[in-house]
Structure formats: structure tokens, C-alpha cells
Amino acid sequence: FRSTSFNYLSYQHNSAISDSAQPFQTSTSTQASVGLSYSVSPKYSESVQYVAQFLSAGQGVIKTLGQSIQYGFVYAPSSGLKVSGMIGPEHVQNTYGFTAGNGNIASLLQANASGWAWTGNLAVSKTVGTNQLSANASTQLTNGTQYQGNVRETTFEADFKRRLAGKNDLVVFGSYNINRPVLLAQLAPRLSNDYASTGVTLRKTIADHWVVSCAYWYLFQNSPQNGQQVYAGDHNRAAVSLTYSLTRSLTR
């Protein structure tokens with residue numbers, strides 16, 4: 001199987017956000033994966049996949065490349081119930097465009113940094129008719145809340161999905177997210193934050209391998225803004241994404 005996705009995020013200038021945080025308002029993320037899945041039994045299957053992520057925050061101010069090899073499994077003990085997970089080591093490379101003496105957090109950043117970490121997820125879902133209830137926990141690279149650059153995010157999420165007519169899916173979700181710096185000095189608290197969010201996503205299959213998604217969600221981050229947490233604050237968000245995936249069976 002193979003999968004690719006690309007996301008572009010852009011936000012309007014917010015006068016309530018300090019100038020030192022404004023460069024992060026535009027971000028992009030690309031992810032590609034290729035792997036092999038095989039059935040061990042009618043109820044259990046395993047997989048191995050290679051995943052590459054490239055994140056660019058603030059029009060290239062911070063660039064992050066993550067590459068991982070992940071082992072996965074899917075277990076379906078009964079009809080409609082599924083437990084799945086993936087885990088693997090990930091090598092991360094960061095490039096920072098800041099220069100010393102520009103008045104922001106440059107003194108806390110390295111020009112280049114690299115290292116190893118773990119990435120993966122664990123999920124459980126129950127399907128009844130056209131409805132599905134799911135819960136999952138994951139850790140991965142992401143763009144975070146947009147105002148601090150790329151981060152490693154730990155997420156705990158629950159969602160309810162309903163299949164609609166015309167190859168459409170409606171998903172209502174809620175999550176709690178913990179963002180931490182990627183290979184940065186932990187003394188940079190303004191690059192860390194926690195927040196909760198809730199929202200809705202509409203997904204539509206537009207061709208055999210293409211899916212377009214439109215999402216709206218609200219971030220609850222009602223903590224005071226100060227010199228360390230310049231981007232804190234409740235706010236609305238919306239996003240559109242396009243995903244291409246291809247699965248092909250192999251003969252034994």
C-alpha cells in the first residue's frame with residue numbers, strides 16, 4: 001500500500017499576536033508512506049511501513065524532516081470491534097532559519113539539529129450499522145497551534161463517524177493535545193503548549209483513490225498571553241485537505 005497527503009495552512013494577521021509569533025502563520029506539511037500488510041489469521045493482520053514527513057513553518061523559517069519504520073497490527077476480536085496500532089523509531093532533522101540578535105527566540109535555537117524518537121498510535125473502534133465510535137492516542141510530528149513552529153504532538157482523541165449518502169462521511173471529534181519542541185532546548189516554554197479542541201469534519205471520496213476533507217474546529221487554550229506564551233488564546237480554525245491512497249494486493 002502507498003499513501004500521500006499535502007496540507008497548506010495560512011492564517012490572517014492577528015493584531016493580538018506579537019510580531020515574534022507572526023512568521024509562523026503560514027505552514028505546509030507533506031506525508032508519504034509505503035508498506036506491506038499481511039493477514040496472520042481472519043481476525044489478525046500485521047504490517048510494516050516506511051513513513052516520511054516534511055513540515056515547513058513560517059514559509060521555511062523552521063523545516064522538519066521525519067523518517068520512520070513502523071510496525072503495525074489490526075485485531076478484530078468480534079464483529080464491528082477493531083483494535084489497531086503502530087509504533088516505530090523515527091529520525092528527525094530540523095533546520096532553523098533564525099539568526100542571532102533578531103530580537104526573538106534565536107538564542108535558544110540551533111541552526112541544525114537531529115536525533116531519534118518514537119512515533120506511533122493506538123486506536124480502538126466500534127462499528128454499528130453506518131455509525132462508528134473511535135478513540136485513539138498518538139504521538140507524531142505536526143505544525144502544532146501554528147504560532148510556535150513545528151512540534152512533536154501527543155494527542156488523545158475520540159470521534160463519532162456517520163456514513164452519509166454519496167460517499168460522504170461526517171465526523172464529530174474532540175481531543176486533548178500536548179505540544180513539545182522538536183529537538184529543542186526544553187528551556188523554550190513558548191514552544192510548548194497544551195490545548196483541547198472539538199469540531200466536525202466532512203470527507204468525500206471524489207475518485208477511486210482521492211478523498212477531500214473539510215474541517216472546522218475550536219481550540220480551547222484560555223491561558224494568559226505573556227512573554228513565554230505569546231500565542232495562547234481560544235480561537236476558531238478551518239482546514240481543507242486532499243489525500244491520495246493506493247492499495248494493491250500481492251500474490252503469494
Side-chain angles (χ1 to χ4, degrees), residues 7 9 11 17-18 20-31 51-58 60-68 70 85-98 104-123 135-158 173-198 217-235 237 239:
N7 296 281
L9 301 176
Y11 290 81
I17 302 298
S18 69
S20 62
Q22 294 295 343
F24 297 125
Q25 286 188 294
T26 301
S27 299
T28 62
S29 62
T30 303
Q31 177 172 309
V51 180
Q53 287 181 275
F54 179 74
L55 310 175
S56 176
V61 172
I62 298 181
K63 297 180 181 179
T64 304
L65 173 63
Q67 301 180 79
S68 64
Q70 302 180 32
M86 299 203 76
I87 190 171
E90 181 177 42
H91 185 260
V92 181
Q93 295 174 287
N94 274 356
T95 301
Y96 305 99
F98 295 115
N104 55 28
I105 53 176
S107 60
L108 299 177
L109 298 177
Q110 303 175 45
N112 295 280
S114 63
W116 289 90
W118 288 94
T119 185
N121 65 81
L122 179 65
N136 70 81
S138 64
T139 177
Q140 62 180 340
L141 296 172
T142 183
N143 294 124
T145 57
Q146 189 70 22
Y147 290 116
Q148 78 271 40
N150 305 328
V151 297
R152 178 167 296 282
E153 183 175 78
T154 300
T155 301
F156 303 93
E157 182 175 331
F173 62 88
S175 67
Y176 186 78
N177 306 75
I178 302 171
N179 290 341
R180 293 295 179 264
V182 180
L183 304 175
L184 271 176
Q186 296 300 316
L187 297 178
R190 65 187 291 176
L191 296 183
S192 304
N193 63 354
D194 302 343
Y195 63 90
S197 62
T198 183
W217 68 105
Y218 188 81
L219 261 65
F220 300 90
Q221 194 182 29
N222 193 16
S223 58
Q225 294 183 359
N226 52 51
Q228 299 298 326
Q229 299 286 353
V230 296
Y231 46 80
D234 299 349
H235 57 280
R237 290 192 162 206

Close side-chain approach of [X] to [Y], heavy-atom, < 4.5 Å:
X      : Y      : answer
Asp194 : Arg180 : yes
Asn136 : Asn121 : no
Gln53  : Ser29  : no
Ser175 : Phe156 : no
Val92  : Val182 : yes
Arg152 : Thr139 : yes

Can you give me the closest heavy-atom contact between [X] and [Y], atom names plus distance?
X      : Y      : result
Trp118 : Ile87  : CE3-CG1, 4.0 Å
Asn143 : Ser56  : ND2-O, 4.4 Å
Thr142 : Glu153 : CG2-CB, 3.2 Å
Ser197 : Leu219 : CB-CD1, 3.9 Å

Please report the interatomic distance [atom1]([X]) to [atom2]([Y]), rounded to the nearest 0.5 Å.
X      : Y      : atom1 : atom2 : answer
Thr198 : Phe173 : OG1   : CZ    : 6.5 Å
Gln140 : Thr154 : CD    : OG1   : 9.5 Å
Phe54  : Gln93  : CZ    : CD    : 10.5 Å
Leu65  : Asn150 : CG    : CG    : 11.0 Å
Ile62  : Ser27  : CD1   : OG    : 9.0 Å

Under a 3.5 Å distance rule, please check whether Ser68 uses its side chain to pair with a backbone N or O of His91 as donor and acceptor.
no
By ring pair (Phe, Tyr, Trp, His ring centres under 6.0 Å) - contacts of Tyr218 (at least two apart):
Phe220
